[in-house]
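A quick note: this is a predicted structure, and the numbers were derived from the prediction, not measured. Whatever order the structure lists them in is the order used to number ligands and atoms, beginning at 1.
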Amino acid sequence: MGNESSGGTKGQRGVESVPGMNDVLPKDVGRWRALEERFRAQCERYGFGEIRTPMCEYTELFARGIGEETDVVAKEMYTFEDRGGRSLTLRPEGTASAVRAYLEHRISNLGGVARWYYVGPMFRGERPAKGRYRQFHQVGAEVYGDGGPMVDAELVDLAYSFVTSLGISQAKVRVNSLGSGDTKRRYADALREYYKPLAEKLSPDSQRRIETNPLRILDSKAREDVALRAGAPKLMELLGDEDRRHFDRVCSALDALGTPYEVDATIIRGLDYYSRTIFEITDTSGTLGAQDALGGGGRYDGLIEQLGGKSTPAVGFALGVERLLIAAPESSLAAPAVKSCAVFAVDRDEPERVQSAALAIAKELRSAGIVVHIDTRFGKLDRQFQHAERVGASCAIVVGKQELDNGRVELRELDTRRQNAVPRDAIVAKVTEVLAKSGSAPG
Ligand code: AMP
């Protein structure tokens with residue numbers, strides 16, 4: 001799975017990882033890096049620049065930005081006081097921080113449109129399960145200063161193309177519109193009217209939300225709330241002309257891009273700040289089980305103003321890295337095989353001199369871009385061979401006192417066991433040649 005490498009044995013002496021916060025061991029890290037690098041490359045191709053924000057912010061940012069009544073803010077945030085008594089929160093998502101940075105650095109003064117992407121850990125105190133963690137990772141993108149429908153479609157397409165580029169073939173895109181201006185308010189009234197007579201059948205949380213934030217009832221996972229959802233009024237029916245036109249143009253642009261999607265009036269998204277276009281991408285293959293949402297996003301035209309900036313349209317999305325890694329076939333993120341060379345030192349008489357020479361030769365090869373393995377314990381020769389085999393080296397340089405005295409070393413090809421003496425100053429050239437012959441160029 002690539003993300004629960006720590007699983008299994010608990011740490012010794014009572015020191016263990018926090019449940020839902022996982023290590024990624026070197027054997028698994030290649031898939032993570034491949035995914036992250038592919039996302040970066042794709043975003044750069046779409047004209048986005050990377051933003052890195054701190055891991056925590058003042059709690060107020062998330063409370064005001066995401067919404068007090070959302071599950072994320074009400075139940076899942078990792079909040080603590082710093083030494084000065086200020087309330088800080090580990091970021092549960094990336095958008096609020098990006099908006100804060102956009103405001104703090106007065107990016108709007110630069111004019112034009114800002115296109116940012118991010119990659120990094122997020123924290124939510126959820127019950128850990130497959131695909132649901134307390135520290136998880138997201139890749140995401142945000143666009144500030146463009147209120148038109150084309151950028152919405154472009155972002156949906158970016159997210160979907162990225163997902164499919166990972167070999168996730170059964171991804172499904174669903175889009176909806178939450179309208180703008182007072183549409184959400186009118187919809188909230190319509191929902192109140194629908195849910196009030198049914199209040200007793202709702203979960204306690206949702207009973208409270210009838211007054212505070214009835215849209216959140218549609219997002220609830222409680223069984224009793226899900227059961228009443230089908231009869232609820234549909235927001236699409238309340239869309240004003242402008243919102244409807246915006247949404248239609250998003251859909252026709254997606255058609256033109258060949259991005260498959262479905263209009264689904266029941267999706268609402270878990271955070272309060274959305275308006276107009278929203279979308280979700282799920283994996284329908286069953287691999288993810290209950291946690292099948294790969295990501296989603298939408299327009300949040302009111303958030304920048306709500307956080308103290310001047311009214312600026314904005315749109316973004318985030319995808320969950322762990323879920324992408326679970327859903328993506330093993331082969332699609334396989335790291336390319338890297339050919340490598342081992343360096344051995346063998347001599348009992350002058351071990352320091354020979355071992356230092358071996359280190360220097362390893363350094364020289366590495367400077368030339370070659371991957372070099374060296375077992376610096378320098379045990380018996382067969383131990384050093386075993387190490388080379390374990391790490392998959394293609395060849396080995398054997399350094400011994402006598403050879404050093406004669407200005408040469410032995411170069412052994414590990415698969416054919418062919419061995420030749422090589423002059424000291426020809427090592428890099430010879431190793432490069434042998435590695436190229438064994439399948440791929442070094443570096
Ligand atoms: P959200 O901002 O809640 O829509 O999350 C966007 C995506 O992030 C989800 O679709 C998941 O792929 C991922 N995600 C959200 N919460 C978690 C979590 N607790 N553990 C793992 N992935 C998550």
Aromatic rings Y273 and Y300: how do their planes relate, parallel, tilted or perpendicular, breaks at 30° and 60°? tilted
Any side-chain heavy atom of T95 sitting closer than 4.5 Å to one from L303? yes
List below, pair by pair, the N or O atoms of ligand 1 and of the protein that are less than 3.5 Å apart, including the distance to 0.1 Å; reply 'none' if no pair qualifies.
unit_1	atom_1	unit_2	atom_2	d
ligand 1	2 (O)	R124	NH2	3.2
ligand 1	3 (O)	R124	NH1	2.8
ligand 1	3 (O)	R124	NH2	3.4
ligand 1	4 (O)	R269	NH1	3.2
ligand 1	4 (O)	R269	NH2	2.8
ligand 1	5 (O)	Q138	NE2	3.4
ligand 1	8 (O)	Q138	NE2	3.0
ligand 1	10 (O)	A293	O	3.1
ligand 1	10 (O)	G295	N	3.1
ligand 1	12 (O)	A293	O	3.0
ligand 1	12 (O)	L294	O	3.0
ligand 1	12 (O)	G320	N	3.4
ligand 1	16 (N)	R124	NH1	3.4
ligand 1	19 (N)	E126	OE2	2.7
ligand 1	19 (N)	Y133	O	2.8
ligand 1	20 (N)	Y133	N	2.9

Do other residues, nucleotides or ligands put more than 12 heavy atoms under 6.0 Å from R366 CZ? yes
Looking at E242 and R244, is any side-chain nitrogen of the basic one under 4.0 Å from a carboxylate oxygen of the acidic one? no
Hey, are R33 and E36 close enough for a salt bridge, meaning a charged N less than 4.0 Å from a carboxylate O? no
D182 with R186: basic N within carboxylate O range, under 4.0 Å: yes
